[in-house]
Amino acid sequence: MSDRIRHAFATRRPALVTYVMGGDPDLPESLELALACARGGADLIELGMPFSDPIADGPVIQRASERALKSGTTVAGCLELAAQLRRKLPSTPLALMGYLNPVLAMGMDPFLARCVEAGVDAVILPDLPVEEAGEFRALAAKRGVGLVFLIAPTSTPARVQAALDASTAFAYFVSVTGVTGARTALPEETAARLDSLRRPSGPPVVVGFGVSSAEQVRSLGAHADGVVVGSAIVSRIAEPGTGAEKAARVESFVRSLRSP
Amino acid sequence: MRFGPYGGQFVPETLMPALEELQAAYAAARADAGFQAELDALLKTFAGRPTPLTPAHRMTADCGGATVVLKREDLCHTGAHKINNTLGQALLARRMGKRRIIAETGAGQHGVATATACALFGLQCEVYMGALDVERQALNVFRMRLLGATVRPVEAGSRTLKDAMNEAIRDWVTNVRDTYYLIGSVAGPHPYPTMVRDFQSVIGREARAQCLQLAGKPPDAVVACVGGGSNAMGIFTEFIPDPSVRLYAVEAAGEGLETGRHGASLARGKPGVLHGSMSYVLQDAHGQIAEAHSISAGLDYPGVGPELSDLKDRGRLQLRQATDAEALEAFEYLARQEGIIPALESAHAVSQARKIAREMGSNSVLLVNVSGRGDKDIHQVMRR
């Protein structure tokens, strides 16, 4: 685990994890939007890498992916974005989240090498379950890039253990059986599931999918090391406005997620 | 389960337990003589199997080479080979206690076959279909609705089969506890490529025995069209162990391979991950999935089954392509020469079969899979 990640989870409980899509609506503006998240109080920044066929995402992030691809965003562009963000935010942990095929097209090891150069702390690939991740895990360990595996409400005890063991940065509990996107109500059993996932020797556990309000951040945050807000931020980016207006909107929304 | 480097289970974690459950349920069903007997009975009494093998006398004379024989999957109930698989999987879903079935469809044949199996077993059925395909296959949309299914048009992306499959996967991720995803091709995560192949391989088993009876020997070559590849794996599987039988996979060349507007994943794709498995995929240099193009909705898909990718790498397949224009020509050709109107998908196979038959000696036999009938395509052909 990188020092930045360790520090983020050690200092603020729960850590606030914010997601923006790299290249949405284009790379320079997405840089400003990620910086706005940081100003609003994000403790860890997730940058999405767009993919043509995002099967784990709901409509909001699908549209963001389409906008990013339309502006010509590639994995290489997202790595460059991460490098720029790293220069401006030396101590904020950065995670890249995307789908496997664009990473394969670059090559697993070249991708991981460029993650190191760019100062990326962790990688999340939702369509790469532990069973299929053998080579990627070995290469990431060698390069020192942290990995995040997902745990779902449907995961069996054996699968939960495998995901916790393989998660070298943090583990990501998917709060809902479904795709990404804001939900007004989250399953009641989420708190109990989260409590069962956090183990003394295990990785930090963040919870995400469906989280969109300060109330949810607070209630879930009592049972997790971090809370991820994604679609609720992305939908504010999709609304009309100038770059400066969008950044202000995102900053104030992220700040509101922390308000008592 | 891998086919060489291809296959696997590249899906969100939420679905992994469901795939484990499906794998176990299928393994148990496969070993259960009662399940097989029930499926065999349905294939015989409901689907109309065995389908005939028809000697194509006029086509044979016209080509002046191999004796051409046609495997008549167009005579299956619902008009294509798809019913072989949907009956098998619907039986499996019922055995697993799943009451809600979802499916993706391109040409609508798999959607109709799924809706039919669901009506037969009293299961709830929802079919995802690209909005473009909903337009060009209006007859099949009506048939699905008549059979009690809900058709959900998908407006995303290229509005074709690929996007329908994305949406079906998202539905499955959301409703995985009570929903069975009935995939129609030899694609998707394991165990689907194996399971769909097993259910379809009845085509090749029948065809080999019928060919022995009709021609006194097994075929020297077999031709099938390949989109995802279910009819091709269905007829090829029986012949794979016999290296003397050449296997021709005919992909959609669309407006021509050189235009980039085609569906030839095996010929022009690169290994990658789409819809849960590693296989040849049409994609750009950055790993974004390309849009496929074909006049035939069933071949309009940028991926292909992982076992076909492995067969290609092992040199077991002869790759051919047919353009939209060639498929249309073959559509009319088979109608006039043999009194059989093939599906536009199958017309791709017929188109190349004419050339292959000419290349073969007169004492050889060429087996062509007529995977479906062309009624669904008549409106589209008339409009051109």
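What you see below is based on every heavy atom in this structure, not just the backbone, and it leaves out hydrogens, waters and symmetry mates. To find a chain, count down the sequence lines: A is the first, B the second, and so on, and within it residues start at 1.
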- [ ] Heavy atoms only, distances under 4.5 angstrom: which of A:Pro102, A:Ala105, A:Ala152 has the most pairs with chain B? Name it, please.
- [x] A:Pro102
TODO: Tell me, out of A:Val174, A:Val75, A:Val103, A:Asp57, who's got the most heavy-atom pairs with chain B below 4.5 Å.
DONE: A:Asp57
Task: Heavy-atom donor-acceptor pair, B:Asn166 side chain to A:Ile55 backbone, under 3.5 Å - done: no
Open item on the list: Does A:Glu239, at its CD atom, have more than 12 non-hydrogen atoms belonging to other residues, nucleotides or ligands within less than 6.0 Å?
Closed with: yes
Open item on the list: Can you confirm whether A:Glu188 is buried at CD, in the sense that more than 12 heavy atoms of other residues, nucleotides or ligands lie under 6.0 Å from that atom?
Closed with: no
Are the side chains of [Y] and [X] in contact, using a 4.5 Å heavy-atom criterion?
{"X": "B:Met278", "Y": "A:Glu132", "result": "no"}
{"X": "B:Phe10", "Y": "A:Asn101", "result": "no"}
{"X": "B:Arg177", "Y": "A:Thr177", "result": "yes"}

Task: Best-contacting candidate, B:Thr14, B:Leu15, B:Val176, against chain A by heavy atom pairs under 4.5 angstrom - done: B:Thr14
- [ ] Could you have a look at B:Arg170, B:Met16, B:Gln283, B:Glu13 and say which one has the most heavy-atom pairs with chain A under 4.5 angstrom?
- [x] B:Arg170
Open item on the list: For B:Ala285, which atoms come within 4.5 Å of any heavy atom of chain A: side chain, backbone, both, or neither?
Closed with: backbone
TODO: Examine whether an atom of B:Met165 lies under 4.5 Å from a heavy atom of chain A, and if so say whether it belongs to the side chain, the backbone or both; otherwise answer neither.
DONE: neither
Taking side chain as everything from C-beta outward and backbone as N, CA, C, O, which of these in [X] sits under 4.5 Å from a heavy atom of chain B? Side chain, backbone, both or neither.
{"X": "A:Ile151", "result": "backbone"}
{"X": "A:Pro59", "result": "neither"}
{"X": "A:Leu150", "result": "both"}

Task: Spacing of A:Ser52 atom OG and B:Leu274 atom CG [to the nearest 0.5 Å] - done: 7.5 Å
Task: Value rounded to 0.5 Å, distance of NE2 in B:His275 from CG in A:Asp127 - done: 11.0 Å
Task: Which atom of B:Pro17 lies closest to which atom of A:Thr154, heavy atoms considered - done: CG-O, 3.2 Å
